[in-house]
Structures are given as structure tokens and as C-alpha cells.
Amino acid sequence: EPEVTQTPSHQVTQMGQEVILRCVPISNHLYFYWYRQILGQKVEFLVSFYNNEISEKSEIFDDQFSVERPDGSNFTLKIRSTKLEDSAMYFCASSERWGLQGPALNQPQHFGDGTRLSIL
Amino acid sequence: AQSVTQLDSHVSVSEGTPVLLRCNYSSSYSPSLFWYVQHPNKGLQLLLKYTSAATLVKGINGFEAEFKKSETSFHLTKPSAHMSDAAEYFCVVTPDTGRRALTFGSGTRLQVQP
């Protein structure tokens, strides 16, 4: 069964440094997402991406965050100047399509195993 | 706006006994609802989804969930727990029409005793 893959599985970075988290979505999927889960807290939405642009972002996704699809397979999340509070598990997800006719056609999002980001 | 409440942060059952993980939702529109499972050091795996078809939804590994609009509930059940079911379970609701951000519940940790 096709799956979403994320690298690295664990990233340790000094505060203030830039970090890039990488994801390879399922090949025929069109929508891509990043979520994060701070230890002991809920999974939170960061951003969704479609047709080479951000389609939606949360309040968490401020100017220090950016996403990119540099080629036909990778989807990256960049944090420009990391802070201690950026330490979390970051999940990438992808989905096939979104129904224009309502929720009955929504396709589920498929998640990767996550990248644990530790900021020192 | 939508929200999800998982009523139990931790559930412990004995192997072979039934599992009930409770979820209540709030949504302005007819929601799509999902249950995801997260095993230790693994990603989020889709267990099942409800998208306004049958109200009783069957998923993988013997799990099922029933959508009850009158009670705004989407509880997850399994007739007989297995040791491998021990994991964190998340109830998830889709956003209002046109948005894609999933809203997660806080999770229920299922412990299965031998």
C-alpha cells in the first residue's frame, strides 16, 4: 500500500537555526498538509497546499514557516529561525481530492510517521 | 466552527473484552468524521471514516463506529480487544465546507491488559 514518507525521523537543531523537514506524499495525491503535535497536546493543523500554493494556513503558521514543492515528489516545511517552542512532532499528510459537492466526497488524509524536531 | 471532544483520556480493558472509545463532535455543517490510530513512534493510521453514507461504519482491524446525529456522537467500538490494539486513538472532524484543516480530539490512550 502506498504511504507518505518523512525524513528525517528525528532532527535536533540549535535555537535560531533553520530547519527543513521533508516529505514524499503518495504519488497520485494532489493535496498536501503539515500538522504538528507538541508533546502532550493535540495534533494541530499548520498548512495545506494545492496546485503549488498555500490554500489554507492556521495562526501557528506565521512568517517563520514556509512550504515548498521543489520537484514532482517532495514537499518541504521550512522553519527559518527555530524557537524552543517549535519542538514537536511534525506530520506530513496527503489526500487524493476534495469534493466540491460536499463532505460526502471528502477523501481522508494519509499521514507519514512524523519527524520529531528537538530545539536546543 | 467545529470541535471534537474525546470523553476519556485513558481506557483500560482486558484482552478479549469489548472496547468503547467515546467521541462527541460539534460542527456547523454535516460533518465528515474519522478515527485515526497512532501506535508508539508511528504515524497516524486511518481506522475508518464517515462521510454521510451509512451511519454504521466498519473499519480495519475489527473496529466500527456509529454516527448518531441526535447525540452528536461518533463512538468507536470493537467486540473483542487484542493486545495489538494498545495505542492512541484520535477522533477527527473535517472542517466546514471548503476548508481542509482537520480538527483532532485530544486522544484516548487504550491499554489492553493480558
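These values consider heavy atoms only, across backbone and side chains, with no hydrogens, waters or symmetry-generated copies. Naming: A, B, ... by sequence-line order, numbering from 1 per chain.
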Asker: Taking the six-membered ring for Trp, is the centroid-to-centroid distance between B:Phe104 and A:Phe45 below 6.0 Å?
Answerer: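 No, the ring of B:Phe104 stays outside the 6.0 Å limit from the ring of A:Phe45, centre to centre.
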Asker: If you count the non-hydrogen atoms of other residues, nucleotides and ligands that lie under 6.0 Å from CG in A:Asp62, is the total more than 12?
Answerer: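 Counting neighbours around CG of A:Asp62, more than 12 heavy atoms of other residues, nucleotides or ligands fall under 6.0 Å, so yes.
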Asker: Once rounded to the nearest 0.5 Å, what's the spacing between atom CD of A:Gln37 and atom CD of B:Glu88?
Answerer: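 Interatomic distance, A:Gln37 CD to B:Glu88 CD, rounded to 0.5 Å: 7.5 Å.
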Asker: State which residue, out of B:Phe90, B:Tyr36, B:Phe34, fulfils the ring-ring contact (aromatic ring centres under 6.0 Å, His included) condition with A:Phe111.
Answerer: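 It is B:Tyr36; the other options fail the test.
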Asker: Within a reach of under 6.0 Å around CD of A:Glu59, are more than 12 heavy atoms found that belong to other residues, nucleotides or ligands?
Answerer: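 No - once you tally the heavy atoms of other residues, nucleotides and ligands closer than 6.0 Å, there are 12 at most.
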Asker: Is there a chain of hydrophobic side chains (I, L, V, M, F, W, Y, each step under 4.5 Å between heavy atoms) that links A:Leu77 to A:Val24?
Answerer: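 Different clusters: A:Leu77 never reaches A:Val24 through Ile, Leu, Val, Met, Phe, Trp or Tyr contacts under 4.5 Å.
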Asker: Any link between A:Val43 and A:Tyr90 through a network of hydrophobic side chains (Ile, Leu, Val, Met, Phe, Trp, Tyr) touching at under 4.5 Å?
Answerer: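 A:Val43 and A:Tyr90: separate clusters.
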Asker: Membership question, hydrophobic clusters at under 4.5 Å side-chain separation (ILVMFWY): are A:Met15 and A:Leu21 in the same one?
Answerer: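 Yes, because A:Leu21 and A:Met15 connect within a single hydrophobic cluster, where side-chain heavy atoms sit under 4.5 Å apart.
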Asker: Check whether B:Gln38 gets within reach of chain A through its side chain, its backbone, both or neither, counting any heavy atom under 4.5 Å.
Answerer: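 For B:Gln38, the side chain is the part near chain A, not the backbone.
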Asker: Let me know if A:Ser9 has heavy atoms under 4.5 Å from chain B in its side chain, its backbone, both or neither.
Answerer: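 Neither part, no heavy atoms under 4.5 Å.
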Asker: Do A:Trp34 and A:Phe91 belong together in a cluster built from hydrophobic side chains that touch within less than 4.5 Å?
Answerer: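 Shared cluster, no.
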Asker: So does B:Leu102 get a backbone contact from the side chain of A:Tyr33, meaning a donor-acceptor N/O pair under 3.5 Å?
Answerer: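 Side chain of A:Tyr33 to backbone of B:Leu102: no pair is present.
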Asker: Can you tell me how far the NE2 atom of B:His39 sits from the CG atom of A:Asp113, to the nearest 0.5 Å?
Answerer: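 The distance works out to 12.0 Å.
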Asker: Which atoms of A:Tyr35 come close to chain B, meaning under 4.5 Å heavy atom to heavy atom: side chain ones, backbone ones, both, or neither?
Answerer: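 Interface part for A:Tyr35: side chain.
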Asker: Roughly how far, to the nearest 0.5 Å, is the CG atom of B:Leu46 from the CD atom of A:Gln109?
Answerer: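 The distance works out to 10.5 Å.
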Asker: Take a 6.0 Å sphere around CG of B:Leu56 and say whether it holds more than 12 heavy atoms from other residues, nucleotides or ligands.
Answerer: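 Count over threshold, so yes.
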Asker: Kindly give the heavy-atom pair with the smallest separation between A:Pro108 and B:Lys49, and that separation in Å.
Answerer: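 In this case the closest contact between A:Pro108 and B:Lys49 is CD-NZ, 3.5 Å.
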